[in-house]
*Asks:* 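Have a look at this one.
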Amino acid sequence: MADKAAAKQKFINEFDLIADDVLNALKSFNVSKEAVEWFRKSIYYSTVGGKLNRGLSVIDTYKILTGKDILSDEEYHRAAVLGWAIELLQAFFLVSDDIMDSSKTRRGQPCWYLVPKVGMIAINDAFMLESAIYILLKKYFKGESYYIDLVELFHDVTFQTEAGQLLDLITAPEDEVDLSKFSLDKHSFIVIYKTAFYSFYLPVALAMYMAGINSDEDFQQAKDVLIPLGEYFQIQDDYLDCYGDPKVIGKIGTDIMDNKCSWLVNVALKKANPDQRKILDENYGQKNSECETKVKQVFNELDLEKDYQNYEEQVVSKIKTMIENVDESRGFKKDVLSAFLAKIYKRQK
């Protein structure tokens with residue numbers, strides 16, 4: 001545990017240099033000090049403070065692929081730049097998402113747009129967080145043969161995530177509940193595009209480019225395991241939102257009240273009899289704890305916990321088989337994928 005905390009702190013310690021790179025690019029326009037300070041506050045407030053799993057995964061994956069336990073300072077910093085670039089992408093998504101969802105808090109503090117004097121300036125701040133990615137890639141990787149690959153990877157994954165967000169927003173708006181719009185196919189698309197590509201595939205693909213492992217076959221091998229792994233992670237999240245211990249997961253689940261197109265409600269819709277379906281239609285997505293309790297009663301009657309446990313065992317067995325069959329002849333390593341699976345299998349938060 002101490003090693004994990006130390007690894008996270010080392011990664012955080014790199015951020016000042018990385019933020020300075022971005023702020024120096026802004027200063028080069030001779031923009032006012034006020035604007036520089038505004039963006040400094042924005043970039044720190046929105047980027048630092050999460051679990052940083054995506055960013056740290058770049059470094060972990062690079063170490064596994066290169067077989068190095070200890071990286072030189074320069075090597076570590078370049079890997080950290082790619083890791084923080086993902087965290088900037090995440091910040092761009094979350095600042096925007098919080099405005100779209102009218103969220104109140106994020107990571108235990110007010111959402112950035114609710115900070116006094118920020119308001120809708122947060123939309124432009126989000127754009128600037130995304131642009132910061134490309135400032136960093138240009139500074140540190142422009143001379144590399146894979147520079148354009150990094151740029152295209154970020155562009156592609158950003159668009160994929162936005163496509164997932166679009167389907168989520170139009171399928172499950174909070175103010176208009178229509179469970180006939182829900183389906184397991186839509187749920188699968190939303191979680192793969194909105195979460196799996198940028199949270200699971202992107203960190204590994206970035207580390208692969210930096211480690212010189214860049215064959216199409218190896219990227220495909222990574223994707224074939226990491227996308228189902230990302231889908232499993234999100235289904236776990238959906239399950240924990242309802243059945244997890246709030247003291248352990250650190251939040252009280254709100255998916256039912258928020259009309260989320262979650263895995264649980266989609267399985268319930270497939271299994272429900274007409275009376276149970278009526279209860280779901282009348283109570284799902286209502287900002288009311290009594291309605292939430294009625295939905296949970298239906299979930300319990302349908303034994304969705306058992307469905308989840310069966311799903312988990314099936315998907316993990318399938319993923320383990322796929323990992324076992326990975327071809328390592330070009331330099332890709334099964335251990336990269338096993339490390340991701342180990343982090344999430346049977347997690348409680």
*Asks:* With under 30° as parallel and over 60° as perpendicular, where do the rings of Y45 and W112 fit, or are they tilted in between?
*Replies:* tilted
*Asks:* Please say whether more than 12 non-hydrogen atoms of neighbouring residues, nucleotides or ligands are located less than 6.0 Å from CD in E34.
*Replies:* no
*Asks:* Does CG in D73 sit with more than 12 non-hydrogen atoms of other residues, nucleotides or ligands closer than 6.0 Å?
*Replies:* no
*Asks:* For the pair D60 and K343, find out whether any cationic side-chain nitrogen is under 4.0 Å from an anionic carboxylate oxygen.
*Replies:* yes
*Asks:* So, K33 and E37, do they make that salt bridge, N to O below 4.0 Å?
*Replies:* no
*Asks:* Would you call the rings of F197 and Y201 parallel, tilted or perpendicular, taking 30° and 60° as the class edges?
*Replies:* perpendicular
*Asks:* Can you confirm if the aromatic rings of F141 and Y209 lie within a centre distance of less than 6.0 Å?
*Replies:* no
*Asks:* With ring centroids as reference points, do F93 and Y198 lie under 6.0 angstrom apart?
*Replies:* yes
*Asks:* Between Y284 and F182, what is the ring plane arrangement, given parallel below 30°, perpendicular above 60°, and tilted in between?
*Replies:* perpendicular
*Asks:* Is the shortest side-chain N to carboxylate O distance from E162 to K194 below 4.0 Å?
*Replies:* no
*Asks:* Please determine whether a side-chain nitrogen of the Lys or Arg among R78 and E144 lies less than 4.0 Å from a carboxylate oxygen of the Asp or Glu.
*Replies:* yes
*Asks:* Looking only at heavy atoms, what is the nearest atom pair of P203 and I86, with distance?
*Replies:* CA-CD1, 3.6 Å
*Asks:* Check the pair Y232, Y345 against ring-ring contact (aromatic ring centres under 6.0 Å, His included), reporting the backbone distance first and the verdict last.
*Replies:* CA-CA 9 Å; Y232 162 47; Y345 181 52; 7.0 Å; no
*Asks:* Restricting to ring pair (Phe, Tyr, Trp, His ring centres under 6.0 Å), what partner residues turn up for F11, sequence neighbours left out?
*Replies:* W84
